[in-house]
Amino acid sequence: MSKKPRVRFAPSPTGGLHLGGVRTVLFNYLFAKHFGGDFIVRIEDTDQTRFVEGAEDYIFETLAWCGLEPDESPKHGGPFAPYRQSERKAIYREYAEKLVAQGYAYYAFDTAEELDAKRKEVPNFQYNQISRAALKNSLTLLEAEVKSLLDAGTKHVIRIKMPANEEVKFTDMIRGEVSFNSDQVDDKVLLKADGMPTYHLAVVVDDHLMQITHAFRGEEWLPSAPVHILLWQYLFGLENMPEWAHLPLILKPDGNGKLSKRDGDRLGFPVFAMDWTDPKTGEKTTGFKEHGFLPEAFVNMLAMLGWNDGTDNEIFSLAELVEKFSMERVHKSGAKFDYEKAKWYNSEWIKKLPVSSYRLQVTGMLAASGINIDDNKKLETVLELIKDRCTLLTDFVQQSSFFFKAPETIDIAAIQPKWNEQKNMFFLELIRAFELMQSWDHEALENELKELAAANQLKPGELMLPLRIMLVGGKFGPHVFNIAEILGREETIKRIQHTLQLLTK
RNA sequence: GGCCGGUUCGUCUAUCGGCUAGGACAGCCCCCUUUCACGGGGCAAAGACGGGUUCGAUUCCCGUACCGGCUACCA
């Protein structure tokens with residue numbers, strides 16, 4: 001890398017950040033950090049009609065959760081501020097006017113309504129080299145007319161004047177050479193009637209002004225690339241243009257097409273990184289974080305959707321991804337999102353990470369279900385014991401609550417059919433034995449039960465399940481003597497007695 | 001419709017002309033486990049199609065098919 005890379009993620013603050021967006025951030029971040037470069041977040045809020053309150057904060061909270069902190073942004077500051085395009089409005093007109101002066105762009109006075117009508121009337125209507133000759137713009141109007149229109153403050157836009165029959169090409173870091181014929185692309189609006197730039201102008205101007213060296217975005221942008229290439233050529237010179245990479249799309253698991261928020265709702269999995277509530281409608285969309293995903297797993301899973309290091313390794317920390325990442329190994333084709341695989345990554349990270357790193361989040365989840373933890377050491381012991389059987393952080397609630405609170409319902413039906421007086425006597429004896437035990441650990445407890453069972457001519461196997469039901473309430477959880485050990489003598493005996501009462505009723 | 005992009009097991013993918021096509025998730029079976037998991041072992045499962053180029057094509061080229069993206073004064 002000849003110079004330190006500067007990459008940017010340029011979201012528009014219109015709602016929650018979805019999978020594909022986070023992955024675009026990730027690949028930007030990994031590439032930049034791999035080469036010791038900078039990661040910039042620029043807010044593309046040029047469409048004032050789509051502005052959504054809180055969306056920008058949400059984006060930064062999401063990046064923070066993922067561990068993908070920007071070096072420069074409206075929130076983090078930086079030498080190229082402001083990083084919000086709405087605050088840079090004044091900058092863009094100058095470039096648009098320059099293009100008009102050079103003959104690369106023109107004023108267009110057609111109203112949005114007129115164009116809408118045109119689209120209804122003419123199938124596949126495009127404002128292009130052919131149709132512009134019959135429309136109201138500075139190419140068809142007399143110079144004097146244009147001047148008087150402008151002087152009168154008539155609403156107008158500035159459109160790029162696509163050249164005739166020119167090959168526009170560039171080298172995409174992922175796809176290689178991609179070329180377009182300029183005849184096929186329409187005269188995109190560069191500056192809107194409200195004076196705001198469109199994405200097309202803003203992205204080129206700001207990438208230049210912010211000295212962006214590499215521009216990565218989703219594949220859905222490929223068709224508008226020729227507009228950007230031409231603008232670079234006209235404004236700042238192709239030799240100064242960043243290198244482009246158009247990332248493959250993340251597809252819906254069933255059927256085909258881009259993964260959308262709706263697919264998640266329909267199929268029952270999150271699409272947004274974190275919970276998002278639309279401030280206008282109040283509609284809530286759930287996120288990976290709240291579904292119980294660890295950021296390490298979320299990032300890992302996203303990285304593997306379209307990239308791998310060429311080995312069989314699938315588990316990577318952020319630091320490892322930074323070290324291994326290369327744009328050359330990013331795929332061309334889209335990847336269907338597989339929620340089952342996503343959960344597998346999470347279970348791997350739950351096992352891999354020390355329980356202390358997610359203890360707080362589990363504490364919050366337990367609190368939400370009415371269990372308040374006052375003994376963190378006990379919590380960590382419990383988490384350590386049950387982590388192997390948890391796929392999502394939310395699984396910890398069911399798997400651990402009985403350690404802190406006696407089960408509300410006991411699955412009596414699981415033991416009743418084989419229950420008899422002999423077993424009842426056994427458990428009464430077991431309580432007495434437990435009361436007398438010197439050391440309270442799982443091995444001693446197991447030995448105690450086995451010896452007592454032998455003395456009563458009972459098979460231990462017939463007694464383990466009842467004991468489990470008594471302590472846990474159901475047929476799940478880690479080894480029953482480990483549970484008893486953690487529960488302690490008093491609580492263990494109490495729960496046995498409680499169930500015994502239920503059984504003799 | 002037009003333009004652009006893509007195409008290896010159900011899914012994510014390895015392979016940079018030599019393949020008995022490897023791994024992972026999911027599925028099925030077995031083992032471990034006096035619960036449920038974890039774990040271990042195994043089974044099943046793929047190069048869209050047709051032409052070239054080549055001693056040899058999954059790999060390179062062309063065509064076809066299929067899938068997707070875009071086609072706003074949205075990003």
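For clarity, every value in this text was computed on a predicted model and none was experimentally measured. To find a chain, count down the sequence lines: A is the first, B the second, and so on, and within it residues start at 1.
- Atom-to-atom, CD of A:Glu177 to P of B:C61 comes out at 13 Å; the value is rounded to the nearest Å.
- Taking atom P on both B:A48 and B:A21, the two are 15 Å apart, rounded to the nearest angstrom.
- Contact between the side-chain N/O atoms of A:Lys475 and the OP1/OP2 oxygens of B:A37 is not found at any separation under 4.0 Å.
- Aromatic ring centres of A:Phe325 and A:Phe316 lie farther apart than the 6.0 Å criterion allows.
- Judged by distance alone, with hydrogens and angles left aside, A:Lys341 brings no side-chain donor or acceptor close enough to the base of B:A26 to form a pair under 3.5 Å.
- Nearest to the side chain of A:Gln184, among B:G5, B:G2, B:G39, sits B:G2.
- Outside the 6.0 Å centre-distance limit, the rings of A:Phe27 and A:Trp307 are not counted as a close aromatic pair.
- As rounded to the nearest Å, B:G6 and B:A44 have P atoms that lie 35 Å from one another.
- If you check the side chains of A:Arg329 and A:Asn308, you find a donor sitting under 3.5 Å from an acceptor.
- Base contact: A:Ala112 has a heavy atom under 4.0 Å from a base atom.
- The environment of A:Ile130 atom CD1 is sparse: at most 12 non-hydrogen atoms of other residues, nucleotides or ligands sit within 6.0 angstrom.
- On the C1' atoms, B:A45 is 26 Å away from B:G50, given to the nearest whole Å.
- Among B:C12, B:C73, B:C4, the nucleotide with an atom closest to any side-chain atom of A:Leu305 is B:C12.
- Rounded to an integer number of Å, the gap from A:His200 NE2 to B:C73 P is 10 Å.
- Counting any heavy atom pair closer than 4.0 Å across all strands shown, A:Lys387 reaches no nucleic acid atom.
- Within the nucleic acid shown, A:His246 has no heavy atom closer than 4.0 Å to any nucleic acid atom.
- Look at the P atom in both B:U34 and B:C43: the space between them is 28 Å, to the nearest Å.
- Rounded to an integer number of Å, the gap from CG of A:Asn346 to P of B:A24 is 20 Å.
- Between A:His228 and A:Tyr199, the distance separating the two ring centers is shorter than 6.0 angstrom.
- Going from the P atom of B:G41 to that of B:U7 covers 33 Å, rounded to whole Å.
- When the C1' atom is compared between B:A72 and B:A65, the two are found 32 Å apart, to the nearest whole Å.
- The side chain of A:Leu465 has B:U35 as its nearest neighbour among B:A75, B:U35, B:C25.
- As judged by a 4.0 angstrom heavy-atom cut-off over every strand, A:Gly306 is placed among residues touching the sugar-phosphate backbone only.
- Distance check, rounded to the nearest 0.5 Å: CD1 of A:Ile174 to CH2 of A:Trp244 gives 13.0 Å.
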Evaluate the criterion side-chain hydrogen bond (donor to acceptor under 3.5 Å, both in side chains) for residue pair A:Asp206 and A:Tyr92; output intermediate values, then yes/no. CA-CA 9 Å; A:Asp206 284 342; A:Tyr92 309 105; 2.6 Å; yes

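- Annotation: B:G52 and B:G18 have their P atoms spaced 22 Å apart (nearest Å).
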Contacts under 3.5 Å, N or O only, protein and nucleotides 69-72 of chain B:
unit_1, atom_1, unit_2, atom_2, d
B:G69, OP1, A:Lys258, N, 3.3
B:C70, OP1, A:Lys258, NZ, 3.2
B:U71, O2', A:Gln126, NE2, 2.4

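- RNA chain B is contacted by both A:Thr311 and A:Pro253; A:Pro253 maps to the nucleotide lying nearer its 5′ end (nearest heavy atom per residue).
- A glycosidic torsion no more than 90° from 0 defines the syn conformation, and B:C38 adopts it.
- Listed nucleotides: B:A75, B:U13, B:G22. Nearest to the side chain of A:Asp312: B:G22.
- For A:Arg175, the listed nucleotide lying nearest its side chain is B:G5; candidates were B:U35, B:C73, B:G5.
- If you check distances only, the side chain of A:Arg389 does reach the base of B:C36 with a donor-acceptor pair under 3.5 Å.
- For B:U35, the OP1/OP2 oxygens have no side-chain nitrogen or oxygen of A:His479 closer than 4.0 Å.
- For A:Ala335, whose side chain is taken as the heavy atoms from C-beta onward, the closest listed nucleotide among B:A14, B:C12, B:C25 is B:C12.
- Phosphate contact (OP1/OP2 of B:C38, side-chain N/O of A:Ser347, threshold under 4.0 Å): absent.
- Counting to the nearest Å, the P atom of B:G1 and the CG atom of A:Asn128 are 19 Å from each other.
- Ion pairing between a basic and an acidic side chain is recognised when a charged N comes within 4.0 Å of a carboxylate O; A:Glu462 and A:Lys418 show no such pairing.
- Regarding contacts with the backbone of B:A37, every side-chain N or O of A:Arg468 stays at 4.0 angstrom or more from both OP1 and OP2.
- Here the side chain of A:Arg329 is nearest to one of B:A24, B:A75, B:U15, namely B:U15.
- Within a 6.0 Å sphere centred on CD of A:Glu53, other residues, nucleotides and ligands contribute 12 heavy atoms or fewer.
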